[in-house]
Undergrad: 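Next up is a structure, given as structure tokens.
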Amino acid sequence: MSAARGVGHGRGDETAPDVRIGPPKDNAAGPEAVVRTLVASVRELGPLRAAKLLTAANQQDGFDCMSCAWPDPTHRSRAEFCENGAKAIAWEATPLTVPRSFWAERSLTELAGKDEYWLGQQGRLKEPVHKPAGSDHYEPVTWERAFEIVGDRLRGLASPDEAAFYTSGRASNEAAFVYQLFVRAFGTNNLPDCSNMCHESTGTAMLETIGIGKSTISYEDFAKADLVIVMGQNPGTNHPRMLTALEGTKRSGGSVVSVNPLPEAGLVRYRNPQTVRGLAGRGTEIADRLYQVRPGGDMALLQAVSKRVLDAEDAAPGTVLDHAFLVEHTRGLDALRAHLAQLDEVEVLRATGLSVADVDDLAARYLAADRVIVTWAMGLTQQRKGVDTIKEIVNLLLLRGNIGRPGAGASPIRGHSNVQGDRTMGIWEKMPDSFLDGLEREFGFAPPRAHGADSVETLRRMRDGRIRAFVALGGNFVGAISDTAAAEAAVRGTDLTVQISTKLNRSHAVTGREALILPTLGRTEIDRQASGPQLVSVEDSVCAVHASRGKVEPVGDDLRSEVAIVVGMARATLRDDADDSVPSIDWAAMRDDYDVVRDHVSRVVPGFERYNEKVRSPGGFVLPHGPRDSRTFATASGRAELTVNVLEPVECPPGRLILQTLRSHDQFNTTIYGLADRYRGVRGGRDVVFVSPDDLDELGIADGDRVDVHSEWPGQPDRVLANQRVVAYPAARGSAAAYYPEANVLVPLDSTAIGSNTPVSKSVVVRLVPRAEPR
Ligand SMILES: Nc1nc2c(c(=O)[nH]1)N[C@H]1C(S)=C(S)[C@@H](COP(=O)(O)OP(=O)(O)OC[C@H]3O[C@@H](n4cnc5c(=O)[nH]c(N)nc54)[C@H](O)[C@@H]3O)O[C@H]1N2
Ligand SMILES: Nc1nc2c(c(=O)[nH]1)N[C@H]1C(S)=C(S)[C@@H](COP(=O)(O)OP(=O)(O)OC[C@H]3O[C@@H](n4cnc5c(=O)[nH]c(N)nc54)[C@H](O)[C@@H]3O)O[C@H]1N2
Ligand code: SF4
Ligand SMILES: [Mo]
């Protein structure tokens with residue numbers, strides 16, 4: 001397959017697509033969102049199923065919205081969901097299923113030519129299927145046979161390290177815990193996950209500086225903050241109910257600013273669909289200022305602001321920094337001060353694309369605010385210097401004691417609804433020894449200690465023939481990771497791929513020589529096991545753990561829960577009849593009653609004591625968090641670390657742009673709900689590249705032109721995303737944007753963040769090449 005095709009994009013070189021462009025919107029949500037939510041869910045689900053599900057979403061006896069990891073307020077209203085939550089629910093709970101005849105009718109070759117939108121539209125998977133080696137078709141298979149194949153092939157590997165076990169962040173705590181237990185009992189730490197492509201830079205930076213990789217605030221802190229700085233995040237689309245929290249900041253007198261190359265709709269103006277003001281009025285202006293930073297310029301901006309804070313302290317000693325906090329709880333102030341004294345302001349302006357007045361303005365706001373929260377998402381983490389950028393957030397906050405007190409803190413906003421919980425449960429290729437010791441004590445076997453492969457490393461090892469079997473608990477690994485062509489070649493080189501999934505995606509079409517699809521229950525569905533209906537639990541972005549109970553009948557009789565599937569694989573793989581080294585674990589007991597899983601967790605993972613009791617209390621419970629609760633920092637020094645980080649701005653050669661790959665309003669990661677991006681004015685297609693009108697003038701390209709986007713990486717041939725429509729858009733100068741996952745083809749596998757190995761999906765050096773024959 002040629003690199004130019006992108007993900008399932010045969011479309012690129014065919015007849016003219018009919019993408020239509022209108023003006024971007026300045027407001028998010030409002031009545032249109034409510035109507036769209038209801039119409040779409042009723043159309044997909046029917047009125048009864050829709051009513052049952054929407055009223056149970058995010059309620060204490062209902063299920064947790066499976067879309068993003070935004071937390072719930074303590075006091076919930078009757079309708080605690082948003083337009084995009086409703087889309088996720090409708091997508092999962094659709095009664096449409098893939099018929100048995102599908103597998104004989106459609107070859108893998110044919111499926112590989114379809115795009116993600118088409119694949120997702122085929123409905124829910126409802127029976128296990130197997131693609132034998134050498135065949136171009138899946139065929140239905142019994143669960144017993146499917147497990148036997150998994151067990152057989154895994155046991156046949158030369159070493160457990162020849163297998164990798166991926167997790168996407170929708171898996172429940174219970175499924176994740178049982179899964180990592182199976183993988184470690186099997187004998188490897190090869191547990192790559194979506195977090196490797198997502199907030200890994202956050203975890204790395206925060207663990208090193210404050211001793212824990214999770215948000216230091218609670219939901220209620222938003223209403224207490226004087227200033228919230230939203231960096232590299234598009235909440236109006238990706239965490240829609242965050243706008244309600246930010247509205248809370250505004251209404252209690254605080255201010256909100258956005259640092260982003262794009263003016264994202266919800267941050268400009270928000271019309272809360274749950275208030276009369278939001279429905280009838282113009283809504284609330286959320287962001288008081290947009291600092292339209294050049295991609296990758298955040299680190300320079302943060303350093304420049306910290307420098308101004310230190311300068312202000314020099315001008316009025318004793319009045320600016322939180323000396324008591326710094327002395328008692330931190331280390332490294334002198335080194336930071338010395339480092340920032342050398343900061344090259346010319347370099348800062350070049351890196352940020354901002355004016356001195358902009359930088360001064362942000363610094364003045366920071367200095368004027370007693371309580372400051374910084375939140376961020378992918379605009380910061382998916383950068384080459386993502387880890388250092390987040391360390392600079394920590395520096396800035398520490399200088400004025402903005403951690404561990406009300407209305408202040410560092411708040412990464414997680415992506416998948418349980419990606420944070422999965423990590424807590426041990427889904428990580430390098431879990432600390434303390435966790436592994438806990439497993440050893442509880443289960444009586446010696447877990448492997450050598451660190452395993454993360455997502456990018458898994459692909460490299462597949463490419464090199466060192467990983468031969470791949471199991472995925474959810475997600476769409478090949479569709480989500482960088483460098484599509486390289487990724488697909490690597491996956492096709494493996495012996496076996498196994499996908500535990502709800503719906504079809506690219507990873508079912510691009511497989512190892514042999515492949516299995518194991519269909520699973522979604523979170524909306526009632527999960528019945530031997531002991532009765534089960535509940536599962538999840539952890540949100542602010543460390544609150546709560547229960548989720550399915551509400552509707554499963555779409556098929558032969559679906560199994562994720563826990564049951566993992567147990568099936570474990571029992572087929574880890575047979576202890578002949579071999580003393582195989583731990584004896586009562587897998588069936590965990591499958592039959594998830595309380596048994598939670599009892600194990602309560603003895604292995606700190607903070608989960610009395611898990612079964614606490615998860616059943618209304619609203620669940622909040623995990624302990626040293627910096628948030630008591631300003632204690634579990635770093636090597638026992639203090640929060642102010643760090644010195646060397647600036648290395650993204651270089652952009654003349655005639656090139658820095659391209660970011662981002663989400664439309666109508667998708668969840670690789671799941672494409674529809675072909676519109678309403679807030680950005682795009683309808684009917686996704687093959688667009690957004691560029692500022694001034695850059696287009698300079699490049700001699702016009703709005704509406706068709707271009708091939710070439711990505712450049714030293715020593716390698718160009719990667720190409722063919723035939724995109726250019727959209728003149730109010731983007732930062734020198735930047736461009738295109739949609740993920742189609743644009744993943746442009747991100748080189750070797751382009752990863754220093755320290756976290758996260759693909760650099762937000763800074764790709766590209767050149768726009770006008771199509772030879774414009775249409
Ligand atoms: N509806 C919906 N909800 C989702 C998802 C979804 O796909 N759909 N995905 C979920 C997941 S897994 C995640 S991780 C989150 C993702 O949530 P976001 O991080 O909001 O997602 P992106 O679309 O990648 O948007 C990145 C934002 O960063 C900005 N940006 C890009 N480069 C830079 C930069 O260099 N500096 C700054 N300051 N900003 C930059 C972009 O303009 C954009 O606003 O959302 C979660 N929620
Ligand atoms: N270029 C570029 N690449 C990126 C990003 C980017 O911004 N730009 N973002 C990155 C980020 S932040 C992330 S998180 C990753 C996402 O990577 P993944 O998490 O691997 O991808 P998703 O698209 O979220 O996975 C969707 C699939 O999960 C399955 N699924 C849905 N619900 C369930 C369930 O309840 N159980 C099970 N077992 N399966 C289910 C369905 O089959 C669905 O097709 O992509 C990363 N890749
Ligand atoms: S904000 Fe996120 S978790 Fe909450 S309802 Fe919307 S999509 Fe679901
Ligand atoms: Mo993510």
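Just so you know, ligand 1 is whichever comes first in the structure, and atom 1 is the first atom listed for that ligand. Here the structure is a predicted model, which is why all the values come from computation and not from measurement.
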Undergrad: Should Asp677 and Arg686 count as an ion pair when the cut-off is N to O under 4.0 Å?
TA: no

Undergrad: Counting non-hydrogen protein atoms only, what is the nearest one to atom 39 (N) of ligand 1? Give residue, atom name and distance.
TA: Gly232 CA, 3.0 Å

Undergrad: Let me know which of Leu459, Ile481, Thr458 forms a side-chain contact (heavy atoms from CB on, under 4.5 Å) with Val491.
TA: Leu459

Undergrad: Look at Glu525 together with Arg124 and state whether they make a salt bridge at an N to O cut-off of under 4.0 Å.
TA: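 Yes, Glu525 and Arg124 are salt-bridged.
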
Undergrad: Provide the number and element of each atom of ligand 2 under 4.0 Å from a heavy atom of Gly474.
TA: 37 (C), 38 (N), 39 (N)

Undergrad: Verify side chain to side chain contact (heavy atoms under 4.5 Å, CB included) between Leu125 and Ile517, making sure each step is shown before the conclusion.
TA: CA-CA 9 Å; Leu125 296 158; Ile517 304 178; 3.8 Å; yes

Undergrad: Determine whether the side chain, the backbone, both or neither of Gln382 has a heavy atom under 4.0 Å from any heavy atom of ligand 2.
TA: side chain

Undergrad: What part of Met378, side chain from CB on, backbone N/CA/C/O, both or neither, has a heavy atom under 4.0 Å from ligand 2?
TA: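 For Met378, only side-chain atoms sit under 4.0 Å from ligand 2.
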
Undergrad: If you define the side chain from C-beta out and look only at heavy atoms, does anything of Asp666 sit under 4.5 Å from Arg678?
TA: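 No - every pair of side-chain heavy atoms lies 4.5 Å or more apart.
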
Undergrad: Considering Asn234, Leu267, Asn238 one by one, which has a heavy atom nearer to atom 3 (N) of ligand 1 than any of the others?
TA: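 Heavy atom nearest to atom 3 (N) of ligand 1 belongs to Asn238.
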
Undergrad: Please identify which atoms of ligand 2 are closer than 4.0 Å to at least one heavy atom of Ser168.
TA: 18 (P), 19 (O)

Undergrad: So which heavy atom in the protein is nearest atom 15 (C) of ligand 2, and how far is it from that ligand atom?
TA: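 Heavy-atom neighbour on the protein nearest atom 15 (C) of ligand 2: Tyr740 OH, 3.5 Å.
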
Undergrad: Under a 3.5 Å threshold, yes or no: a donor from one side chain and an acceptor from the other, between Gln383 and Ser763?
TA: yes

Undergrad: Can you tell me which residue and heavy atom of the protein come closest to atom 47 (N) of ligand 2, and the distance to 0.1 Å?
TA: Ala480 O, 2.6 Å

Undergrad: Check Lys503 with Glu92, please: is the shortest side-chain N to carboxylate O separation under 4.0 Å?
TA: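 Answer for the salt bridge query: no.
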
Undergrad: Check ligand 2 against Glu562 and write out every atom of the ligand that is under 4.0 Å from a heavy-atom position of the residue.
TA: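 So the answer, numbered in order with elements, is 34 (C), 36 (N), 37 (C), 38 (N).
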
Undergrad: Hey, which atoms in ligand 2 end up nearer than 4.0 Å to a heavy atom of Thr520?
TA: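 Taking each heavy atom of Thr520 in turn, ligand 2 has 36 (N), 37 (C), 38 (N) under 4.0 Å.
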
Undergrad: In ligand 1, which numbered atoms sit nearer than 4.0 Å to a non-hydrogen atom of Val293?
TA: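 That gives atoms 36 (N), 37 (C), 38 (N) of ligand 1.
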
Undergrad: Nearest heavy atom to atom 5 (C) of ligand 1: which of Tyr291, Phe690, Phe668, Trp70 does it belong to?
TA: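 Selected option, by shortest heavy-atom distance: Phe668.
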
Undergrad: I'd like to check Asn190 versus Phe470 (side-chain heavy atoms, cut-off strictly below 4.5 Å). Are they in contact?
TA: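 They are not in side-chain contact.
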
Undergrad: Tell me whether Thr670 contacts the main-chain N or O of Ala480 through its side chain, where contact means a donor paired with an acceptor under 3.5 Å.
TA: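 Looks like no, no N/O pair under 3.5 Å.
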
Undergrad: Heavy-atom distance to atom 13 (C) of ligand 1: which of Gly169, Ala731, Gly415 wins?
TA: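 Heavy atom nearest to atom 13 (C) of ligand 1 belongs to Gly415.
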
Undergrad: What do you reckon, is CZ of Arg384 surrounded by more than 12 foreign heavy atoms closer than 6.0 Å?
TA: no

Undergrad: Of the protein's non-hydrogen atoms, which lies at the shortest distance from atom 33 (C) of ligand 1, and what is that distance?
TA: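 The protein heavy atom lying closest is Gly379 O, 3.5 Å.
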
Undergrad: Quick one: nearest non-hydrogen protein atom to atom 28 (O) of ligand 2, plus distance?
TA: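 Here the nearest protein heavy atom works out to Gly475 N, 3.1 Å.
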
Undergrad: Counting only heavy atoms closer than 4.0 Å, does ligand 2 sit against the backbone of Arg663, its side chain, both, or neither?
TA: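 Side chain only; the backbone of Arg663 stays clear of ligand 2.
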
Undergrad: Looking only at heavy atoms, is any part of Arg170 under 4.0 Å from ligand 2, and if so is it the side chain, the backbone, or both, or is it neither?
TA: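 For Arg170, the contact with ligand 2 is made by the side chain alone.
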
Undergrad: Students should be able to answer this: which protein heavy-atom is nearest to atom 1 (N) of ligand 2, and at what distance?
TA: Asn744 OD1, 2.7 Å

Undergrad: Tell me which protein heavy atom sits closest to atom 8 (N) of ligand 2, plus the residue, atom name and distance to 0.1 Å.
TA: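 Result: Thr661 OG1, 2.9 Å.
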
Undergrad: Which residue supplies the protein heavy atom nearest to atom 21 (O) of ligand 2, what is that atom called, and how far is it?
TA: Asn476 N, 3.6 Å

Undergrad: Is the ring pair Tyr679/His665 parallel, tilted or perpendicular, if the boundaries are 30 and 60 degrees?
TA: tilted

Undergrad: Would you mind checking which non-hydrogen protein atom is closest to atom 23 (O) of ligand 2, with the distance to 0.1 Å?
TA: Thr670 OG1, 2.5 Å

Undergrad: From atom 29 (C) of ligand 1, work out which of Leu380, Thr237, Asn260 has a heavy atom at the shortest distance.
TA: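 Result: the heavy atom closest to atom 29 (C) of ligand 1 is in Asn260.
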
Undergrad: How far is atom 31 (C) of ligand 2 from its nearest protein heavy atom, and which residue and atom name does that atom have?
TA: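 Heavy-atom neighbour on the protein nearest atom 31 (C) of ligand 2: Thr502 OG1, 3.2 Å.
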
